[in-house]
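Accompanying notes for the structure given below.
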Amino acid sequence: MSLSNSQYDEIQRQYDAKQLRSQHVLQERKSQLYRKYPRLKELESLTASASVRRAKQLLDGDETALASLKQELDGYRRERSGILKNAGVDEQYFKPPYTCPDCQDTGYIGAKRCHCFEQAAIDLVYTQSNIRHILQEENFSRYSFEYYSDTRRNEATGLTPRETARKAVAEARLFIRQFDTEFSNLFLYGDTGTGKTFLSNCIARELLDTGHSVIYFTAFGLFDILEKNKFQKDSRAAASMQHIFDCDLLIIDDLGTEMANTFTISQFFLCLNERILRKKSTIISTNLGFDQLHGIYSERIFSRIVSSYTMIKLFGDDIRLQKRKLN
């Protein structure tokens, strides 16, 4: 997966911290053992000094130095092994307790990212998505068409709510399959409680699990960041703005519930337009109809959405109410 510079730096800081912890644990182990068996520390010093002394002899042309060094070091090693055996300690005790032995907490095996680095990247984008916990409940494995009626039909499309939901899920799965090859955006609209947010979260879960960066905002939260970034010079808002522009998928939920004004609407256009230019996908969900959307937002926003988004309408009874009745 591709990471922004800030995301990469954050993961690298985690690896640096792991290595420091490992070295600290190792030093503590040695200190405790050396206090109990001071001869071990002496042997370590003797080994180091012998290697330096024999190296100088080799440089001076003494051809017997290497054999002498081997014999001397073998003696130290046997003595060290005897002390460790009596102490009930093996050689693993002197190795740093890496969380990932494969890469020794560097994140890389050769020039290739370790599997633990890839997992760390997925964990990071999950954390930054704002919806980590809810995705445990709202995902395709828990999606049910049973909440959608299969009797009454939409006069405009001739489809029942269930048929409409099946079509929406098919569009969502196509969006996921083609995410890395075909740039597209989704606009989910329809009455309250028809499953728009749930479907957005299903998509988010699938993409996050494959290492894509997904950021979720309610429209209220997004517009609040747009305003704070401009007028309050808020550092968190500024950092969020960077993620808003750079993330692989931006989800804007409940458009129309925010406190919009001329400025935030202009910034909203900038956000949508910039992501289109960067070919970064966006999902918008709303209870607004097209007439309301056109009336509240500028002509430019309406035009961008209509021309650049796949429109998916969901209809039917309020699923939230149905679940409350069942519970």
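- For the residue pair Thr218 and Asp254, no side-chain donor N or O sits within less than 3.5 Å of a side-chain acceptor on the partner.
- Within the structure, no pair that satisfies the salt bridge (charged side-chain N to carboxylate O under 4.0 Å, His left out) test touches residues 291-306, not counting sequence neighbours.
- Taking the six-membered ring where the residue is Trp, the centroids of Phe269 and Tyr297 are separated by 6.0 Å or more.
- The closest side-chain donor-acceptor pair between Glu72 and Tyr76 falls under 3.5 angstrom.
- Both tests do not hold together for Arg205 against Phe140: distance to the six-membered ring centre under 6.0 Å, angle to the ring axis within 45°.
- You'll find the side chain of Ile203 reaches within 4.5 Å of the side chain of Leu186, heavy atoms only.
- For the pair Arg39/Glu79, a side-chain contact is recorded, criterion being any heavy-atom separation below 4.5 Å from C-beta on.
- The pair Lys41-Glu44 fails the salt-bridge criterion, with no side-chain N (NZ, NE, NH1 or NH2) lying under 4.0 Å from an Asp/Glu carboxylate O.
- Counting non-hydrogen atoms of neighbouring residues, nucleotides and ligands closer than 6.0 angstrom, the NZ atom of Lys167 reaches no more than 12 such neighbours.
- Between Glu206 and Arg173 no salt bridge is recorded (no basic side-chain N to carboxylate O distance below 4.0 Å).
- Looking at Arg77 and Asp74, a side-chain N of the basic residue comes within less than 4.0 Å of a carboxylate O on the acidic one, giving a salt bridge.
- Between Asp150 and Arg166, no side-chain nitrogen of the basic residue sits less than 4.0 Å from a carboxylate oxygen of the acidic one, so the salt-bridge criterion is not met.
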